[in-house]
Protein chains: 2
Amino acid sequence: MSQQAFLDQLQNQLAPRAIVTDPERIAPWLTDWRGRWHGKASVLLEPSTTAEVAAIVAAAEAHGVALVPQGGNSSMVGGATPPDDGSAAILSLRRMNGIRHIAPDHAIVEAGVILEHLHAAAEDVGARFPLDLGARGSATVGGLAATNAGGVQVLRFGTMRAQVLGMEAVLSGGLVHDSLGGLKKDNRGPSLDHLLIGAEGTLGIITALRLRLVPGRVERTAAWVGVAGPEQALALLRFVEARTDRVEAFELIPAASLARVLRHIPQTRAPLSPPHAWNVLIEAVATGEGEVGGQVLERLLSEASEAGLLADAVIAQSGEQTEQFWRLRHSISEAERTDGPAAQHDISLPVERVPAFLTGDARAIEAAFPGTEANGYGHLGDGNVHFHVRAPGGADRGWADGDEGKAVSRMVHDLVTSAGGSISAEHGIGQMKKDELARLAPPARMQALRAIKRAMDPHGIFNPGKLLD
Amino acid sequence: MSQQAFLDQLQNQLAPRAIVTDPERIAPWLTDWRGRWHGKASVLLEPSTTAEVAAIVAAAEAHGVALVPQGGNSSMVGGATPPDDGSAAILSLRRMNGIRHIAPDHAIVEAGVILEHLHAAAEDVGARFPLDLGARGSATVGGLAATNAGGVQVLRFGTMRAQVLGMEAVLSGGLVHDSLGGLKKDNRGPSLDHLLIGAEGTLGIITALRLRLVPGRVERTAAWVGVAGPEQALALLRFVEARTDRVEAFELIPAASLARVLRHIPQTRAPLSPPHAWNVLIEAVATGEGEVGGQVLERLLSEASEAGLLADAVIAQSGEQTEQFWRLRHSISEAERTDGPAAQHDISLPVERVPAFLTGDARAIEAAFPGTEANGYGHLGDGNVHFHVRAPGGADRGWADGDEGKAVSRMVHDLVTSAGGSISAEHGIGQMKKDELARLAPPARMQALRAIKRAMDPHGIFNPGKLLD
């Protein structure tokens, strides 16, 4: 329990610049990027090698000092913020940012590599890394793997789990697990890689990853489609899925969300006039010779129109127009924030249950909390919607964290759970949802998660207070 | 520790036919299908519902009776054979063989469904289940998932792990884990599904699976290609991978293996004349409208020939000829057995290291054990070769299990380990390789596997003596 003895030991083992105790340099990392969680820590460790991370873990166990792993500090659920009793040190992986190897089909990258940098490096070898999300300029690959991140391209390529071909991680005892060699088949018992993916740093520290790359994109085209409701959007999704595997995004957007974007975000305009009750943003991608994403979309949408599956549609005529469509989608969150407080939920459902949730359950929530407005938008193809319940008029900014906001969230989570869904689709549990996880997760899951935590982290040093208590 | 008290409890909870104590009915399940492992058990349990499995697990923990889960009893590593002290009961999942739901893109099947039956059910809905292997007539999906089975189509679709979309499993305490709903995104901590895949029944009992189906095959065409050596085969593989994703198998076969098949298996003939030092069996599949697998192969192989990547090639002119090519590949194991004893190894390597292993390391083994002949064949695209070291002339049938055979296997495993490979690519560890796993696995892996085993199986009832001691 002595941070001083811990530091003394590390001073003999780490490069001097790996140990930061200057409060001013530590301060920016004590709060999450949205300013919702605040913690305390008097030590920030910035190792630059796996050996240094191993030394840190061994010293932390020896002296009972917990470690909070941190990448881009872009968690949505307080997953990288230290506890507020100052008992933990922050373990930043940001200086481990080397690309050890890159080839057209895979890259071996250190945990601190920023997503955007990986995108650029992949492009340099004619490939691409098929996972993308809003925090691309700060989120690191280590954090993306630790949280099994998703994003807007999951429909075709899957979440982070599907991109990880191998891993290097420091486990209890400072022992290094290394599967970076990229064996395509390896049946020596259960996979440690898959155990660490999604564990939010609570079972060990990911230091490097072998990630798959896919062929570079030659053309990318989006279409904006007007539909009557989520049922029609789902029918359109099924229609599209049955005909091509080149569709990479299928985003559902209600009229109210689009209207807010048009009202609050400068230089945006409606793709279709008159407006439709619901909208779908589809992106198709061409990768082979002679293929054209726009043609794929044109054929698909004209067939879908004949089949009565859509009301109206416009296909982007240029890369610029594709970007404009995406800007509408990516601005929803900002526009909604501008418009007043809301309780936001990152939830998932079996895909076929999404329409009933967005129509029936949403109305039930509004009825239970008069004056609220419940709406979902997002990744229909993955059954993952960002479900926002807007506060009644006049509510104060902290409404979502107050009694009513919390009661709303509990009702949302109850309804999601009874529909067979998950209270965390892609953001993880972190600090934000651990009480709800404990309240709603089935006993088999809670028992297993707790047992695995004790087994893999016998000294309780890995990311305390996240996921489980 | 009382089997009688265990039985008494179960007699109140299970249907009478679920409890078998007749030694004659138990006898066939005490030995693995190849007759290499023998065990004892006086109780065989055959539940037909998940609730019955849960009751069995709870009773087993209460009375300290271990359970050996069994599907088709087709393990290659003694993974389903009970211990020889009679301390365990056999838990057969064979009567849980219902297909609960099937649709073109997924099936929900109970653990005891036989692979061949799943293939047929998928075909009935115009789809296919993209995993196939020799034991398809007896292997069950539960066992396939518990061992993360591979097979001949892994190149395009991955191992069993990639097919599992959800799972139902009974964990310690008789608690039921259920992810059969098929959420595409679910970030409530690490995945229990992925932990149970490959755990060989040592962490819990898989009772049902949600498996992905892919579009039905409209045409399947194989080609037989002669190449100078494994290096050329690898260059051909890279060439093919860069040009299409429709190739589903890429099998490497040395001249000696083919010659043995032609010598020992009736009605076989050489696809190419004169013979080549090495052969490759490639299969391409057409799935869309207007696509023809044969055309894909013809274009690919003619380009590869111009690039100097192959010596000769023949494309099957009919489904029957494709079957004939595959029969040559699938008969290697039988032909080799007929030809005398061999130490057989299911190993994997990083794909780029396979050629050096098959040429350099194989010769080193022959030099260390005069009179032996070392050769590998199999799934080059996955880095997975079945590596056989044939006994010197005059060796007796039990040679592989004797001192020299074991010394050979240790050398093979040492060389595989130094090349960054795995001593078990697709067969698992079971009883056969657990000493070698303990000898060669990195400390991080052994520590984690042991800790997870204690955590998930605190009473030590799940498949004792397999994977770990």
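Residue numbering restarts at 1 for every chain, and letters A, B, ... go by the order of the sequence lines.
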Check: Under the side chain to side chain contact (heavy atoms under 4.5 Å, CB included) criterion, do B:Arg445 and A:Ser179 qualify, and how do the steps go?
Finding: CA-CA 10 Å; B:Arg445 168 168 289 273; A:Ser179 62; 6.0 Å; no
Check: Picking from B:Gly428, B:Gly158, B:Gly150, which has the most non-hydrogen pairs under 4.5 angstrom with chain A?
Finding: B:Gly428
Checklist line | B:Ile197 versus chain A, the contacting section by heavy-atom distance below 4.5 Å | finding: backbone
Note to self: If you count heavy-atom pairs within less than 4.5 Å of chain A, which of B:Leu203, B:Asp193, B:Leu192 leads?
What the structure shows: B:Leu192
Margin query: Testing the basics here: between A:Val176 and B:Ala444, what is the closest heavy-atom pair and its distance to 0.1 Å?
Written below: O-CB, 3.4 Å
Next item on the list: Please test A:Ile423 against B:Arg188 for side chain to side chain contact (heavy atoms under 4.5 Å, CB included), starting from the C-alpha separation and ending with a verdict.
Entry: CA-CA 8 Å; A:Ile423 64 166; B:Arg188 290 175 291 175; 4.2 Å; yes
Next item on the list: Name the region of A:Arg353, side chain, backbone, both or neither, that has any atom closer than 4.5 Å to a heavy atom of chain B.
Entry: neither
Notebook entry, point to check: For A:Asp382, is it the side chain, the backbone, both or neither that has a heavy atom under 4.5 Å from a heavy atom of chain B?
Noted result: both
Next item on the list: Heavy-atom distances under 4.5 Å only: say whether B:Arg161 touches chain A with side chain, backbone, both or neither.
Entry: side chain
Checklist line | Leading residue by heavy atom contact count with chain B [cutoff under 4.5 Å; candidates A:Ser191, A:Pro104, A:Ala425, A:Ala162] | finding: A:Ala425
Notebook entry, point to check: Are any side-chain N or O atoms of B:Asn187 and backbone N or O atoms of A:Asn148, one a donor and one an acceptor, separated by less than 3.5 Å?
Noted result: yes
Check: In terms of heavy-atom pairs under 4.5 Å with chain A, which of B:Gly383, B:Ala441, B:Ala169, B:Ala199 leads?
Finding: B:Ala199
Check: Where is the tightest heavy-atom contact between B:Leu349 and A:Leu183, given as atom of each residue plus distance?
Finding: C-CD2, 3.3 Å
Item checked: Candidate pair B:Lys184 and A:Val154, rule side chain to side chain contact (heavy atoms under 4.5 Å, CB included), full reasoning -> CA-CA 9 Å; B:Lys184 296 196 174 185; A:Val154 169; 5.9 Å; no
Next item on the list: Using non-hydrogen atoms and a 4.5 Å limit, figure out which bit of B:Glu426 sits close to chain A: side chain, backbone, both or neither.
Entry: both
Notebook entry, point to check: B:Lys185 and A:Thr159: side chain to side chain contact (heavy atoms under 4.5 Å, CB included), yes or no, with the steps?
Noted result: CA-CA 8 Å; B:Lys185 287 183 176 177; A:Thr159 64; 4.0 Å; yes
Notebook entry, point to check: Looking only at heavy atoms, what is the nearest atom pair of A:Pro190 and B:Leu195, with distance?
Noted result: CB-O, 3.3 Å
Check: What residue in B:Gln447, B:Lys466, B:Lys433, B:Arg454 has the most heavy-atom pairs under 4.5 Å with chain A?
Finding: B:Gln447
Notebook entry, point to check: What part of A:Ile452 gets closer than 4.5 Å to chain B, counting heavy atoms only: side chain, backbone, both or neither?
Noted result: both
Note to self: Tell me which of these, B:Ser422, B:Gly198, B:Ser172, B:Gly421, has more heavy-atom pairs under 4.5 Å with chain A than the rest.
What the structure shows: B:Ser422
Next item on the list: Would you mind telling me which of A:Pro350, A:Gly189, A:Gly420, A:Ala242 has the largest number of heavy-atom pairs within less than 4.5 Å of chain B?
Entry: A:Gly189
